[in-house]
Amino acid sequence: MDDRLPSLALHSSAPPRTTSLEERLERGEVVFYSTCPFLLPQGEDREFLLAQRGGWGQKNINFKPATGMARGFRKQSADQVARLRQLLADFSAHATTWLSTTLPGYAKSWRLDQVTFRPEEEHGRRLPQAARNDLLHIDAFPGRPSNGDRILRLFANVNLTEPRVWLTSLPFPQLLERYGTDAGLPCRKPLDRSFFWEPIMACLQPARRRRSEYDRFMLRFHDYLKANREFQATGPKREWSFPPGSAWLAFTDSASHAVLRGRYALEHSYFVAPEALTLPHESPAARLQRACGVPVLKS
Ligand SMILES: O=C(O)CCC(=O)C(=O)O
Ligand SMILES: [Fe+2]
């Protein structure tokens with residue numbers, strides 16, 4: 001036997017290496033908890049939450065932990081507004097405390113994004129195509145460019161009786177391989193529109209986070225996947241039924257997903273920087289950069 005070659009570990013007694021939660025998530029798995037592992041609104045608080053309705057033309061009710069502001073709901077009184085803000089702030093605190101101990105490597109540097117409450121029945125919602133969540137897609141936020149930070153989302157079903165039903169399909173690497181070129185990979189364009197607009201917008205709105213090539217591609221890809229009938233009809237699918245009181249966690253910039261049915265979910269999003277990832281070379285930004293050969297992030 002050639003002892004320069006690594007030996008096959010067929011007879012090794014070493015225990016098989018288990019895959020960490022971080023690796024599973026970063027590779028696009030949805031991780032399910034049949035009982036939500038942190039406190040959800042109970043009793044009268046839950047009744048109050050389920051009685052809230054979305055504002056006219058609003059997709060979800062949202063809350064920003066950074067400012068303590070809640071928006072997108074029908075306002076009835078100052079007490080109602082204060083109670084809803086408190087309830088969503090408590091959800092943010094409980095979710096974040098649990099997630100910080102579960103994924104401490106991410107928590108060191110993550111940015112807390114939004115909390116949303118989803119009071120509408122998802123089945124049969126009438127929304128423009130790009131806003132429809134019943135079509136498989138990966139997430140990219142038009143108003144909150146991530147510049148390569150990953151989008152980690154934690155959902156909880158607060159419905160008393162009904163499940164929330166999802167479909168999931170291929171993760172980002174396979175989607176990029178199959179459809180990236182068709183969706184329009186970033187390429188070096190000497191004088192595209194952003195060449196003129198970005199410096200002007202930077203002067204007009206210095207606080208605004210600007211879109212990188214990565215953000216532009218992810219938004220394009222999000223819309224492309226929703227519009228692609230072949231992918232929607234024939235892409236591999238797994239159906240998930242998340243029962244009342246359960247929770248689930250996913251990097252939704254990689255795990256393609258759609259919601260088919262259900263109402264009353266709470267959700268919290270976090271931005272996780274590449275430096276905090278276990279597999280930074282497998283992140284969508286790193287893969288996109290390798291696929292197109294031009295820098296995709298703003299330095
Ligand atoms: O509401 C859900 O269950 C998921 C919807 C979705 O895809 C999204 O908010 O990006
Ligand atoms: Fe989504």
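When a ligand or atom number is given, it counts from 1 through the structure's own listing order. Just so it is clear, the model here is predicted, and its values are computed rather than measured.
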Is ligand 1 under 4.0 Å from a heavy atom in the side chain of H137, in the backbone, in both, or in neither? side chain
For the metal site, I want the angle between atom NE2 of H257 and atom OD1 of D139 with the Fe ion (ligand 2) at the apex, to 10°. 100°
of all protein heavy atoms, closest to atom 9 (O) of ligand 1 is R118 NH1, 2.9 Å
Do the side chain of D90 and the main chain of L87 share a donor and acceptor less than 3.5 angstrom apart? no
Examine the proximity of ligand 1 to R153 and report which part, side chain or backbone, both or neither, has a heavy atom under 4.0 Å away. side chain
Looking only at non-hydrogen atoms, find the nearest pair between L175 and S256 and report the distance. CD1-CB, 3.9 Å
Can you name the atoms of ligand 1, numbered from 1 with element, that are less than 4.0 Å from a heavy atom of W166? 2 (C), 3 (O), 4 (C)
Out of R164, R153, K59, which residue meets the salt bridge (charged side-chain N to carboxylate O under 4.0 Å, His left out) rule with E267? R153
Among E267, R263, R261, R164, closest by any non-hydrogen atom to atom 2 (C) of ligand 1: R164
Ligand 1 and E122, any nitrogen or oxygen pair closer than 3.5 angstrom? no
Taking N159 for its side chain and R263 for its backbone only, find out whether a donor-acceptor pair lies under 3.5 Å. yes
Among L152, L88, T96, L99, find the one that has a side chain to side chain contact (heavy atoms under 4.5 Å, CB included) with H268. T96
Is the shortest distance from a Lys or Arg side-chain nitrogen in D215 or R210 to a carboxylate oxygen in the other one below 4.0 Å? no
Polar contact flag for D139 and ligand 1 (N/O pairs, less than 3.5 Å): yes
